[in-house]
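Only one structure is covered here, and it is reproduced in the block below.
Reckoned from all heavy atoms, side chains included, excluding hydrogens, waters and symmetry mates. The sequence lines fix the lettering, A, B, ..., with proteins before strands; numbering per chain opens at 1.
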Protein chains: 2
Amino acid sequence: MSIDRRSGCPINLSLEVFGDRWSLIILRDMIFGGKRHFRELLNGSIEGIASNILADRLKRLMELGMLTKADDPSHKQKAIYSLTEMAITLVPILAHLGAWGRIWLPVSEELSIRAELLEKGGPPMWEKFMDELRHEHLGMPSGTPPDATVRATLQAGYEAVVARKATGAGCDPGA
Amino acid sequence: MSIDRRSGCPINLSLEVFGDRWSLIILRDMIFGGKRHFRELLNGSIEGIASNILADRLKRLMELGMLTKADDPSHKQKAIYSLTEMAITLVPILAHLGAWGRIWLPVSEELSIRAELLEKGGPPMWEKFMDELRHEHLGMPSGTPPDATVRATLQAGYEAVVARKATGAGCDPGA
DNA sequence: TGCAACTGATTGCAAAATGCAATTGGTTTA
DNA sequence: TAAACCAATTGCATTTTGCAATCAGTTGCA
């Protein structure tokens with residue numbers, strides 16, 4: 001399950017890191033969903049990852065230097081997974097990937113609003129988001145108040161769409 | 001082998017399109033290598049794809065709308081594969097992926113020079129490259145002379161590295 | 001103290017994907 | 001007419017995946 005090294009081409013090597021069905025999903029949930037624990041990733045993923053696959057990919061991503069693991073002081077069995085700088089710099093790629101998917105694939109509105117906001121925010125927003133992730137995961141200092149984070153902005157956009165769709169679907173008593 | 005639709009998330013859907021070991025390699029060889037025929041892709045790929053996998057992925061990429069196939073007028077059995085606009089717009093993602101891989105993974109110098117040049121060229125170079133691909137694959141008009149193409153620039157960079165490494169390795173009779 | 005719920009995993013097993021070599025039916029070239 | 005070339009396809013062994021059940025240890029609560 002380690003790297004193959006079929007060739008030294010950067011695209012090939014990148015593909016060997018996350019060219020599978022689950023690795024990037026896990027990183028997405030950690031980056032955009034703020035998930036740090038095994039259970040959060042297991043139960044929180046809408047795609048429904050199996051626990052053995054999750055365990056395997058977490059191990060693999062650690063071996064590849066994308067994640068680190070630490071004990072959670074609040075619970076002797078709890079582990080906290082952290083993104084490394086290597087994983088944090090994936091943000092622009094995820095932003096592009098989301099933008100591409102939004103154009104060409106049958107995305108759902110509520111799940112693509114984050115991609116839309118991130119695309120509109122452009123590189124400055126990505127940089128801000130990466131700084132927030134460095135603060136959260138690497139303990140770097142941060143100048144952003146907790147209520148003005150990029151993640152909170154994206155989450156608010158998501159919730160606005162969900163709320164609007166709920167009323168639009170006939171749940172609004174005034175309609 | 002068609003799309004799963006585990007969720008409507010743009011990143012997930014993108015992953016279902018090329019979240020495997022070979023699809024993006026094939027697209028890379030078509031985009032950067034100018035490969036259009038089955039044999040070119042089969043024998044030209046340094047990673048060594050098997051013919052059944054190649055056939056399967058070409059079929060799948062056609063079903064997904066990333067490629068089209070046409071008869072080659074020069075040979076009744078020859079098929080020409082063309083990129084669609086959907087595939088051409090992958091160029092910025094490939095550029096980012098190459099840049100990321102170049103930083104974090106053990107890339108080889110000769111295979112990463114293209115990624116370096118593409119990164120240095122930035123979005124203007126990517127746009128020019130996409131226009132060239134539209135000309136080649138979609139028959140759009142082009143204002144770029146054949147010797148000043150982005151692909152030719154990248155290829156020249158590659159060959160310069162190969163030549164330098166060959167002399168540096170002791171093949172230079174004057175050394 | 002006892003027990004259920006929760007922690008990060010591991011195991012067994014069937015199904016699917018992969019990689020390899022050989023082969024297919026047809027076309028072109030020498 | 002024979003050899004080389006064309007885009008695949010087939011058979012088969014190996015590997016990976018996905019699912020359900022299970023594991024041993026920890027915590028919170030009655």
Side-chain angles (χ1 to χ4, degrees), chain A residues 1-7 12 15-26 29-30 33 35-64 66-83, chain B residues 1-7 12 15-26 29-30 33 35-64 67-82:
Chain A
M1 243 307 168
S2 67
I3 219 162
D4 246 4
R5 271 163 185 290
R6 302 182 294 189
S7 85
N12 173 56
L15 229 44
E16 296 192 14
V17 171
F18 42 73
D20 74 276
R21 305 288 259 185
W22 292 110
S23 298
L24 213 56
I25 293 288
I26 294 169
D29 287 345
M30 291 188 69
K35 312 283 171 62
R36 308 287 298 263
H37 300 290
F38 191 94
R39 285 290 146 173
E40 285 181 308
L41 289 163
L42 187 64
N43 303 324
S45 124
I46 28 172
E47 286 86 12
I49 190 169
S51 66
N52 58 341
I53 309 281
L54 176 58
D56 180 87
R57 292 306 187 279
L58 287 172
K59 200 178 95 189
R60 186 166 188 272
L61 288 169
M62 283 191 286
E63 285 167 4
L64 292 169
M66 305 275 285
L67 300 179
T68 57
K69 184 167 135 179
D71 291 338
D72 185 330
S74 79
H75 189 302
K76 283 193 179 158
Q77 259 177 329
K78 233 167 175 168
I80 301 185
Y81 293 91
S82 298
L83 300 166
Chain B
M1 244 304 170
S2 68
I3 218 162
D4 246 4
R5 271 163 183 291
R6 303 181 294 188
S7 86
N12 173 57
L15 230 44
E16 296 191 13
V17 170
F18 41 73
D20 74 275
R21 304 287 260 185
W22 293 109
S23 298
L24 214 55
I25 293 288
I26 294 169
D29 286 346
M30 291 187 69
K35 312 283 171 64
R36 307 288 298 263
H37 300 289
F38 191 92
R39 281 294 142 172
E40 286 180 308
L41 289 163
L42 187 64
N43 302 324
S45 124
I46 28 172
E47 286 86 12
I49 190 169
S51 66
N52 57 342
I53 309 279
L54 176 58
D56 181 87
R57 290 307 186 280
L58 288 172
K59 200 177 94 188
R60 185 166 187 272
L61 289 170
M62 284 191 285
E63 285 166 4
L64 292 169
L67 299 179
T68 58
K69 183 167 134 177
D71 291 338
D72 185 329
S74 79
H75 189 303
K76 284 196 178 150
Q77 260 176 330
K78 232 166 175 170
I80 300 185
Y81 293 92
S82 297

Can you check the [X] [atom1] to [N] [atom2] distance for me, whole Å?
X      : N       : atom1 : atom2 : answer
L41(A) : dT7(C)  : CG    : P     : 12 Å
R60(A) : dT16(D) : CZ    : P     : 10 Å
L42(A) : dG18(D) : CG    : C1'   : 13 Å
D20(A) : dT18(C) : CG    : C1'   : 14 Å
K35(B) : dC6(D)  : NZ    : C1'   : 17 Å
E47(B) : dT18(C) : CD    : P     : 15 Å
I49(A) : dG18(D) : CD1   : C1'   : 10 Å
D71(B) : dC6(D)  : CG    : P     : 15 Å

Got I49(B) and L41(B) here, is their nearest side-chain heavy-atom distance under 4.5 Å?
no
Would you check if I80(A) and D71(A) make a side-chain contact, meaning some heavy-atom pair closer than 4.5 Å?
no
So, is R39(B) close to the dC5(D) phosphate, meaning a side-chain N or O under 4.0 Å from OP1 or OP2?
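No, outside the criterion.
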N/O (side chain, R57(B)) to phosphate O (OP1/OP2, dT18(C)) under 4.0 Å
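Result: yes.
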Suppose we screen for salt bridge (charged side-chain N to carboxylate O under 4.0 Å, His left out). Which residues come up paired with D29(A), at least two apart in sequence or across chains?
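Once residues adjacent in sequence are excluded, D29(A) has no partner under the salt bridge (charged side-chain N to carboxylate O under 4.0 Å, His left out) criterion.
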Contact list (N/O, under 3.5 angstrom) for nucleotides 27-30 of chain D vs protein:
{"from": "dT27(D)", "atom 1": "OP1", "to": "K76(A)", "atom 2": "N", "distance (Å)": "3.0"}

Quick one: do R21(A) and D20(B) satisfy salt bridge (Lys or Arg N to Asp or Glu O under 4.0 Å)? Show the steps, please.
CA-CA 7 Å; R21(A) 305 288 259 185; D20(B) 74 275; over 6 Å; no
Let me know, please, whether R6(A) or A79(A) comes out on the 5' side of the other along DNA chain C by nearest nucleotide.
A79(A)
Where the side chain of W22(A) is defined as all heavy atoms beyond and including C-beta, which of dG8(C), dG19(C), dG18(D) is the nearest nucleotide?
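Nearest listed nucleotide: dG18(D).
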Please list, pair by pair, any protein nitrogen or oxygen found under 3.5 Å from a nitrogen or oxygen in nucleotides 9-11 of chain D.
{"from": "dT9(D)", "atom 1": "O4", "to": "S51(B)", "atom 2": "OG", "distance (Å)": "2.8"}

